[in-house]
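The structure under discussion appears below in the form of structure tokens.
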Number of protein chains: 2
Amino acid sequence: MKTEEKKIEKIYHQAEECPITVFMEQIGGKWKPVIIWVLLLNEVMRFNELDKAIKGISQKMLSQQLKDLEKINIINRKSYPVIPPKVEYRLTKKGKSLKENLTKIMEWSNQNLK
Amino acid sequence: MKTEEKKIEKIYHQAEECPITVFMEQIGGKWKPVIIWVLLLNEVMRFNELDKAIKGISQKMLSQQLKDLEKINIINRKSYPVIPPKVEYRLTKKGKSLKENLTKIMEWSNQNLK
DNA sequence: TAATATACTTACTAAATCGTAAGTACTTGT
DNA sequence: ACAAGTACTTACGATTTAGTAAGTATATTA
């Protein structure tokens with residue numbers, strides 16, 4: 001009885017600041033993983049290229065998600081002062097380090113989901 | 001030019017039925033990964049135990065998410081016809097096979113996020 | 001002169017997700 | 001007679017997330 005209570009308590013604390021939750025909040029969602037994946041396949045991409053490459057995303061969503069990912073240092077934005085504008089996006093080192101994780105998730109998903 | 005167009009087209013198709021998106025839809029979200037994680041740490045858990053173990057979750061959310069995870073065969077629900085009711089939840093083989101993925105995500109998150 | 005190109009932003013609407021509080025069913029213990 | 005225990009469900013409202021459509025800036029091209 002006592003031991004069981006303690007066991008649950010331990011899990012409780014682990015779930016509290018769960019790193020997986022943090023991950024899902026920052027890298028999860030409908031568009032972020034796809035953006036990262038597309039940038040893993042293509043070193044450098046411009047806004048329009050990303051827009052075309054990612055089916056169904058709107059410009060609003062794309063720009064928003066890119067901003068979010070830039071903030072947490074997953075992608076790098078390089079803009080050239082030309083007209084018409086030119087902006088390049090690429091993954092940072094941190095962003096690239098997600099490759100193994102995303103590949104594993106992809107494999108698991110292919111084998112196990114619908 | 002032509003080759004570049006083709007390249008993007010290829011990525012487009014890969015993004016189309018993206019397995020990562022499927023994964024996020026089915027295993028992602030605010031509570032599902034945590035539920036799975038807690039069940040990875042504790043082979044068998046009852047409803048109330050899960051409720052206590054997962055900070056902040058409501059009974060409604062818990063029961064909803066458990067149902068979702070049962071549908072895609074990640075967890076198994078075993079109910080005993082007793083009063084007061086007793087229901088046991090445990091991961092299926094498929095559910096357990098998520099361990100490596102979640103562990104890797106946890107590690108990456110600990111090293112790279114906030 | 002007007003359309004084109006690029007990388008956005010803004011305003012508004014719709015849909016999905018989440019949270020709170022209360023209720024249900026049934027038996028055992030006080 | 002009434003509270004306690006267990007595993008939920010239901011109704012409602014709030015919050016978050018996503019989608020649509022239009023607009024902005026400015027040089028180049030037709």
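Lettering of chains follows the sequences in order, A, B, ..., and the numbering in each one begins at 1. Below, all heavy atoms of this structure are taken into account, side chains as well, without hydrogens, waters or symmetry copies.
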Would one find a side-chain N or O of [X] under 4.0 angstrom from OP1 or OP2 of [N]?
{"X": "B:Ser58", "N": "C:dC18", "value": "no"}
{"X": "A:Lys60", "N": "C:dA7", "value": "no"}
{"X": "A:Tyr89", "N": "C:dT6", "value": "no"}
{"X": "B:Arg46", "N": "D:dG5", "value": "no"}
{"X": "B:Asn48", "N": "D:dA7", "value": "yes"}

Checklist entry - Is a salt bridge present between B:Lys96 and B:Glu43, judged by a nitrogen-to-oxygen distance below 4.0 Å? => result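 Counted as a salt bridge, because a side-chain N and a carboxylate O are separated by less than 4.0 Å.
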Item to check | Carboxylate-amine/guanidinium contact A:Glu100 B:Lys104, below 4.0 Å | outcome: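 A salt bridge is present here (some side-chain N lies under 4.0 Å from a carboxylate O).
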Which nucleotide, [options], lies nearest any side-chain atom of [X]?
{"X": "A:Arg77", "options": "D:dC8, C:dA7, D:dT20", "answer": "C:dA7"}
{"X": "B:Val87", "options": "C:dT6, C:dC8, D:dC8", "answer": "D:dC8"}
{"X": "B:Pro85", "options": "D:dT6, D:dT9, C:dT9", "answer": "D:dT6"}
{"X": "A:Ser63", "options": "D:dT9, C:dT9, D:dG5", "answer": "C:dT9"}
{"X": "A:Lys67", "options": "C:dG19, C:dT9, C:dA7", "answer": "C:dT9"}
{"X": "A:Ile83", "options": "C:dT9, D:dA27, D:dG19", "answer": "D:dA27"}

Checklist entry - CG of B:Asn76 to CG of B:Leu91: how many Å apart, nearest 0.5 Å? => result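 Spacing of CG (B:Asn76) from CG (B:Leu91) equals 9.5 Å.
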Item to check | A:Asp51 side-chain N/O to A:Phe47 backbone N/O, donor-acceptor pair under 3.5 Å | outcome: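 Not at all, since once roles are kept as given, no pair shorter than 3.5 Å links the two residues.
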Next on the checklist: Can you confirm whether the side chains of B:Tyr89 and B:Glu70 place a donor and an acceptor under 3.5 Å from each other?
Outcome noted: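 Not at all, the side chains of B:Tyr89 and B:Glu70 share no donor-acceptor pair under 3.5 Å.
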Next on the checklist: Go nucleotide by nucleotide along DNA chain C from the 5' end; which of A:Pro84 and B:Ile57 gets its closest nucleotide reached first?
Outcome noted: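 Between the two, 5'-proximity favours A:Pro84.
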Check the distance between [N]'s [atom2] and [X]'s [atom1] and give it to me in whole angstrom.
{"X": "B:Glu49", "N": "D:dT6", "atom1": "CD", "atom2": "P", "value": "10 Å"}
{"X": "B:Gln59", "N": "C:dG19", "atom1": "CD", "atom2": "P", "value": "14 Å"}
{"X": "B:Trp31", "N": "C:dT17", "atom1": "CH2", "atom2": "C1'", "value": "12 Å"}
{"X": "B:Glu25", "N": "C:dA15", "atom1": "CD", "atom2": "P", "value": "17 Å"}
{"X": "A:Leu62", "N": "D:dG19", "atom1": "CG", "atom2": "C1'", "value": "14 Å"}
{"X": "B:Tyr80", "N": "D:dG5", "atom1": "OH", "atom2": "P", "value": "22 Å"}
{"X": "A:Asp51", "N": "D:dT20", "atom1": "CG", "atom2": "C1'", "value": "14 Å"}
{"X": "A:Gln64", "N": "D:dT16", "atom1": "CD", "atom2": "P", "value": "14 Å"}

